[in-house]
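Read through the structure below, which is laid out as structure tokens, and then see the notes.
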Number of protein chains: 2
Amino acid sequence: MQNRIIIIDDNQLIRESLRMILQSAGKYVIVSTYSNCEDAIANLERDAPDIVLIDIQLPGISGIEGTTLIRKKLPNCIILIITVSEDSSQVFKSLSAGASGYIIKTASLDTIKKSIEEALAGGAPMSLSISKMVVESFQKQNDSPLSDRESQVLQYISEGKSYSKIADELFISKETVKTHIKNIYRKLEVVSKEDAIRVANKNKWVQNTH
Amino acid sequence: MQNRIIIIDDNQLIRESLRMILQSAGKYVIVSTYSNCEDAIANLERDAPDIVLIDIQLPGISGIEGTTLIRKKLPNCIILIITVSEDSSQVFKSLSAGASGYIIKTASLDTIKKSIEEALAGGAPMSLSISKMVVESFQKQNDSPLSDRESQVLQYISEGKSYSKIADELFISKETVKTHIKNIYRKLEVVSKEDAIRVANKNKWVQNTH
DNA sequence: GAAATATCCCCCATAATGGGTGATATAAAA
DNA sequence: TTTTATATCACCCATTATGGGGGATATTTC
């Protein structure tokens, strides 16, 4: 059976190029192409796509919001972002929104076809630089101004643990925890738990609990 | 200049196979091979590797702990995990520990050589299934028993925000926030902030702030 | 020998938390 | 249509948590 694909991109040239490339492969049916999310979403049920290729910069609803909306309607649909830039915040936002992979607009025709096949095979197609970015998001940074013990305490704080709980788990007194936290706040120049967590996350000084 | 590689694997056959493959490429010098982490770490300064290939299951210090220790001594060294299994918790732990990529033991010789080249080029070599796993870790699940509002409140809780702060940001009263939290605790069958965050993270009902 | 670190103690006040028991209005589902 | 879920808000209550201030000691590191 042929896979149903829809393409959402405000650039007609790109829409038509993608259509050509994919149709020539013979494995796909390009059921529709759209220049904006609104139209695409209105026809989602009728189109019933297996794969959506969506641009990130779109007039009106953005590609990221669009990804969220499409996944809400069709949870099993594979969404691949077509993009020119490799901006990290955009990448993370679209992955969080439910995109499965990234296709760089300047990629070769072969690479694009391969990306779609990888997605269908259950993979997560993306360029080397993007996968590197994603992997780095897992890695704790070593440039924290905090001591080992302070980092540890902050890690626990970021997990929502109370002072008493931290004290128990580290076999130290609650007062010691308080002292560490005072020093953490001083070093990070913050005055609250929330800000400390925000700064730590921003700088990847704590590990996300995946 | 040739890149310096060390190999840590308790299986002699694999050590020697990897040595052969890589030496034949001509671009690499295999400075040493070890059957355990302890010996490798003892000789790190002398070996000064650019790339470390390390098995995940090792006698004594595990590959994951080893990755942490090696990165502490040589922060710019690229560490690639050699593994047979694609267990998600192991994958995340080693990425968090600082590994850059994953090489599957059963991969073809060509794939292995290519992985090392990708790593040197600044990429994050890993199999399709592993990259999929990593991408999925970004994606919020939709199977939460919580209502939209409750999920939103829990998201804020997981960011360390206080009831008052949440109330302010959502333009609702503190009492309403409390009610939502009571309902969240009831639905998740927990009695504390910490447990709620743990359950939510485990099920990916909240988004990590990357 | 000074600086950083890790540990602990006291005081103090306020803020935050969580359990209970309500209420109201709306929307969705049975 | 009646029930259920949701979202909103209120008051009572007690305990815990938080954060700022001060100080202390021992070890390690530079």
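Note that this is a predicted model, so its numbers are computed, not measured. Each chain gets a letter, A, B and so on, in the order the sequences are listed, and its residues count up from 1.
- If you measure from atom OH of A/Tyr185 to atom P of D/dG20, you get 8 Å, rounded to the nearest angstrom.
- Remark: A/Ser147 is in phosphate contact with C/dA6, judged by side-chain N or O atoms under 4.0 Å from OP1 or OP2.
- The interatomic distance linking A/Arg186 (CZ) with D/dG19 (P) rounds to 16 Å, in whole Å.
- What separates CG of A/Asp148 from C1' of C/dT5 is a distance of 10 Å, to the nearest Å.
- A/His180 has its NE2 atom 16 Å from the P atom of D/dT18, to the nearest Å.
- Between A/Val191 and A/Ser164, the one whose closest nucleotide on DNA chain D sits nearer the 5' end is A/Ser164.
- Using a 4.0 Å heavy-atom distance criterion, B/Lys187 is classed as a sugar-phosphate-only contact.
- Taking the six-membered ring for Trp and thresholds of 30 and 60 degrees, B/Phe92 and A/Phe138 have nearly parallel ring planes, at less than 30 degrees apart.
- A straight line from NZ of B/Lys193 to P of C/dA15 spans 16 Å, rounded to a whole angstrom.
- If you run side-chain contact (heavy atoms from CB on, under 4.5 Å) between B/Ile6 and each of B/Ile51, B/Leu44, B/Leu53, only B/Leu44 comes through.
- Counting heavy-atom neighbours within 6.0 Å of B/Lys202 NZ, excluding the residue itself, gives a total of 12 or less.
- Counting non-hydrogen atoms under 4.0 angstrom, B/Lys165 reaches nothing in the nucleic acid.
- Between the NZ atom of B/Lys178 and the P atom of D/dC12 there is a distance of 12 Å, given to the nearest Å.
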(request) Go through the steps to decide whether B/Arg198 and B/Asp195 satisfy the test salt bridge (Lys or Arg N to Asp or Glu O under 4.0 Å), and finish with yes or no. (result) CA-CA 5 Å; B/Arg198 223 199 37 252; B/Asp195 287 339; 2.8 Å; yes

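- Whole-Å rounding puts the A/Lys182 NZ to C/dC11 P distance at 13 Å.
- With distances taken from any side-chain atom of A/Tyr163 to the nucleotides D/dT18, D/dA17, D/dT8, the minimum falls on D/dT18.
- Contact record, B/Lys73 with B/Ile41: NZ-O, 3.6 Å, taken as the closest heavy-atom pair.
- Each of C/dA16, D/dT18, C/dG18 was ranked by its minimum atom distance to the side chain of A/Ser162; first place goes to D/dT18.
- Not a single donor-acceptor contact under 3.5 angstrom links the side-chain atoms of A/Ser173 to the base of C/dC9.
- The side chain of A/Thr176 places an N or O atom within less than 4.0 Å of a non-bridging phosphate oxygen (OP1 or OP2) of C/dC8.
- For the pair B/Pro145 and A/Ile157, both in contact range of DNA chain D, the more 5′-proximal nearest nucleotide belongs to B/Pro145.
- Counting non-hydrogen atoms under 4.0 angstrom, A/Ser192 reaches the backbone sugars and phosphates but no base.
- Straight-line distance from the CD atom of A/Glu175 to the P atom of D/dG21: 15 Å, rounded to whole Å.
- Taking the nucleotide of DNA chain C with the nearest heavy atom to each of B/Ile181 and A/Phe171, the more 5' of the two is matched to A/Phe171.
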